[in-house]
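First the structure, in the form of structure tokens, and then the observations on it.
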Amino acid sequence: MQYFVLKQLNIDDKHAATDTIVCIILLAAGSIFISNNLKYYLPRKEKYWYIIVISVTVGLLWYLAQRGILYLVLQSDDPYNDFIRDTGLIRFGAGFLLLSTISMFSLMWYGQQEYTEMINRKTETEKLSKEAELYKLRSQFQPHFLFNSLNSISALIGSDPGKARNMIYQLSDFLRGTLRQEEHQWIPLELEMQYLRLYLEIEKVRFGHRLQTETKINEDALNLQLPALILQPVVENAIKFGLYDTTGEVLIKIEAEKNESNLKVIVENPFDPETTDPAKGTGFGLRSIQRRLFLLFARNDLLKATTQQNTFTTTIIIPQL
């Protein structure tokens, strides 16, 4: 464009080409300088003033360098030098506008890159934080159950060594299976029920004939996914409020079905209303599940606990991803 304008002003090919090449090379150098400057130093405050200052500064240097180089290239008595001097203000204005455009483009480009990196860092931080909290919630289940099992084993060693030995084997199988799944956040319901049956077998050693269980799992729900070991605290809560304050047999019912696109699990246990109020004392177990489901799905309506007569019912809805 500059070459075309110079030709329209009746400038010969030699001077028009020389002027254009010098200006383009210097403009490219100035643009690279501004772009690299904003790449390594992105102003936070008064960034538009910074753009004006840097554009004016680089534009002035561009104009002075252009005059100096053209003066050296051309002869000192060449009348074209007078033309360069007379068009100095126009040259500086055009250079300022071009460099300002480069500055604004660079500011937006690197600003967007920085914003994207900030969002990615924030997302990664939140993900790590959520995973850490989920891991903490899961890790809190095992010690509670493990301590109860070890206490039961200790009590059985003296009275019934055979049961104690059998309980140790069952506890070993349960821990081996659950630790193997530690790195897998989601597992099919069929595998979750295998771990839950191992857990119930251990609890049945503790409580004997008093603990009775009934499971009803629809076949179409077996392959549905759910967070690993999320049912154990629910059943543990049912055992706690169903057996701890009673001396007779207690039947705990576990049902699972596919409900539209969700997995629905229901756990029921009886309780004695004179000694226990499970709605007010669900403790860490159900609260931790509520928090875990919220971290995974950002919803607070996936766990419901209700009481009807002498039955406490816990319902969990697991959306399928």
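Being a predicted model, the structure only gives us computed values, none of them experimental. Basis for what follows: all heavy atoms, side chains included, without hydrogens, waters or symmetry-related copies.
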For this session: For the residue pair V205 and L156, establish whether any side-chain heavy-atom pair is separated by less than 4.5 Å.
Result: yes

Problem set entry | Any donor-acceptor pair under 3.5 Å from T116 side chain to Q112 backbone | yes

For this session: List the steps, then state whether side chain to side chain contact (heavy atoms under 4.5 Å, CB included) holds for T213 with L251.
Result: CA-CA 5 Å; T213 59; L251 176 63; 5.6 Å; no

For this session: Give a yes or no on whether the backbone of L229 and the side-chain of E192 come within a donor-acceptor separation of less than 3.5 Å.
Result: yes

Problem set entry | Heavy-atom pair of closest approach, residues I217 and I254 | CD1-O, 4.4 Å

Problem set entry | Separation between CG of L99 and OG1 of T57, rounded to the nearest 0.5 Å | 10.5 Å

Exercise. What about I266 and I230, same hydrophobic cluster or not, with Ile/Leu/Val/Met/Phe/Trp/Tyr joined at side-chain heavy-atom distances under 4.5 Å?
Worked result: no

Problem set entry | Single-linkage hydrophobic cluster M193~L222, side-chain heavy atoms < 4.5 angstrom | yes

Exercise. Rounded to the nearest 0.5 Å, how far apart are CD1 of I318 and CH2 of W186?
Worked result: 6.0 Å

Exercise. Are the side chain of T20 and the backbone of A16 linked by a donor-acceptor contact shorter than 3.5 Å?
Worked result: yes

Exercise. Does Q290 use its side chain to pair, donor to acceptor, with the backbone of N300 at less than 3.5 Å?
Worked result: yes

Problem set entry | side chain to side chain contact (heavy atoms under 4.5 Å, CB included) between V265 and T315, worked out | CA-CA 6 Å; V265 181; T315 304; over 6 Å; no

For this session: Inspect the surroundings of NZ in K163 and state if more than 12 heavy atoms from other residues, nucleotides or ligands are less than 6.0 Å away.
Result: no

For this session: Would you indicate whether L89, at its atom CG, is surrounded by more than 12 heavy atoms from other residues, nucleotides or ligands within a distance under 6.0 Å?
Result: no

For this session: Return yes when atom CE of M118 has more than 12 non-hydrogen atoms of other residues, nucleotides or ligands closer than 6.0 Å, and no otherwise.
Result: yes

For this session: Measure the shortest side-chain to side-chain distance between F105 and S35 over non-hydrogen atoms and say whether it is less than 4.5 angstrom.
Result: no

Problem set entry | Any K253 side-chain heavy atom under 4.5 Å of K216 side chain | no

Exercise. Which atom names give the shortest non-hydrogen contact between K258 and A221, and what distance separates them?
Worked result: N-CB, 3.9 Å

Exercise. Among side-chain atoms of Y110 and E114, is any donor-acceptor pair under 3.5 angstrom?
Worked result: no

For this session: Check L296, L303, L302 against R299 for a side chain to side chain contact (heavy atoms under 4.5 Å, CB included) and give me the one that passes.
Result: L302

Problem set entry | Stepwise side chain to side chain contact (heavy atoms under 4.5 Å, CB included) check, V250 with Q212 | CA-CA 6 Å; V250 170; Q212 301 294 321; over 6 Å; no

